[in-house]
Trainee: 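Mind having a look at this structure? Questions to follow.
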Amino acid sequence: MHREIKDNIYWTGAIDWKAREFHGYQTRFGTTYNSYVIKDEKNALIDTVKEGFESQLLERLEHAGIDDLDYIIVNHIEMDHAGSLEKVLEEYPDVQIVTNKRAKKGLVDAYGMDVEDVKIVETGDELTLGEKTLTFLKTTMVHWPDSMVTYAVEDNVLFSNDAFGLHFASKKRFDDEFDDQEMGKIFNEAAKYYANIVLPYGRQVQGVLDQVEELGLEFDIIAPSHGIIWRENIPEILERYDAWSSNEDQEKVIILYDSMWHHTEEAAFTIAKGVEEKDVDYRVYNLSDSDWTEIMAEVMISKGLIVGSPTLNGEIYPAVAGFLTYMKGLNPVDKITAAFGSYGWSGEAVGKITDIFEELDYEIVDTHKWIFDADQEELSSLKTLGENVAEEVIDSD
Ligand code: FEO
């Protein structure tokens, strides 16, 4: 069923209960592709849904009594929002697409679409539908070059596209329909979403938040393109975006490793003892059997990062190398770090990990590598490594 979110504004999106992976992102609770329609003298659809889910969108439009569409606002051309655009156009051939210049180019590049009649909007432009007015705000690189958001002026509804979204499939649409326990899960999913999708663009997020303040926009509803619609917890989600995008982190250390014969694993737990000795919070993850998406949310909010790897054929062990590549792209900043690892005959992995830390401009507090099983002296050094990182984390406050 469609769902009214404000007077004559309806959610008409699609629920994807089965989604478990989203270009490397583990979506264990599924997701939604949110689309919205505004009913007025002229009807406007805000974004479509992922290809293959258009039947849900079209059914909900029908249930909402939408016989005709005048505009489709394309806030973002990525395939989970514009992938079914051409199929929706087949149903509503006379509709006009409204988007920004960069997205218009994207519609050609990604879908080979004919864009001759596309209406281009810039930040601050208005589109009158009848009683309702829409205005637009380009949010370049939050998180794609074409990204923008749409604001329903009279209703104070922000259609924020990917911003403020989360991957969470649910029958419930609004945050205030969930109890406190469920809201804990939802904020956790929002943090994971930010850490794995938006994190590289913190400066741009700060710019958008400043612009929202300058324009004096007020929000009764923030309606993103994934997951739940914010109605009761708007100050909280705005506050969290401000904290995440300004790289506020906690006095916490994340210890990540993989191991061939448990030597590097034993070291990880010995390092953890050192961190614990200093009474600093920490978590330990084996990268080969843990959810990287969850780990990224932990790395984002933690000041300390310790990474361990054995050396395999002169390289970092595959799971560790893969995670560091993933993390490097997301570019969490200002970490206090150390690297460690067991080796059999050469031991290049630790140096290669610190090379990555240097590229990311991290403070490297300590490194330690040793041959095969760590003896008591090595274990003592590893515990000290944990203590050293924890002390630096405490001092950085
Ligand atoms: Fe939800 Fe950038 O797509």
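If you read the sequence from its start, that first residue is 1, and numbering goes on from there. This one's a predicted model, so the numbers in the text were calculated from it and none came from an experiment. All ligand and atom numbering here is 1-based and tracks the order in the structure. We use all heavy atoms of the structure for the numbers below, so side chains are in, but hydrogens, waters and symmetry mates are not.
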Trainee: Regarding Ser245 and Gln206, is there a side-chain donor-to-acceptor distance under 3.5 Å anywhere?
Mentor: yes

Trainee: Decide side chain to side chain donor-acceptor pair (under 3.5 Å) for Asn196 and Tyr326; before the verdict, give the C-alpha distance in whole Å, the side-chain angles of both, and the deciding distance to 0.1 Å.
Mentor: CA-CA 9 Å; Asn196 289 274; Tyr326 182 64; 2.6 Å; yes

Trainee: Quick one, Asn161 and Ser225 - any side-chain contact, counting heavy atoms below 4.5 Å?
Mentor: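 Yes, side chains in contact.
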
Trainee: Tell me whether the rings of His81 and His76 are parallel (<30°), tilted (30 to 60°) or perpendicular (>60°).
Mentor: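 Ring orientation of His81 relative to His76: tilted.
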
Trainee: Is the Phe187-Trp230 ring centre distance short of 6.0 angstrom?
Mentor: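 For Phe187 and Trp230, the ring centres are under 6.0 Å apart.
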
Trainee: Can you give me the closest heavy-atom contact between Pro224 and Ala163, atom names plus distance?
Mentor: CB-O, 3.5 Å

Trainee: With 2.8 Å as the limit, jot down which protein N, O or S atoms are around atom 2 (Fe) of ligand 1.
Mentor: His76 NE2, Glu78 OE1, His143 NE2, Asp162 OD2

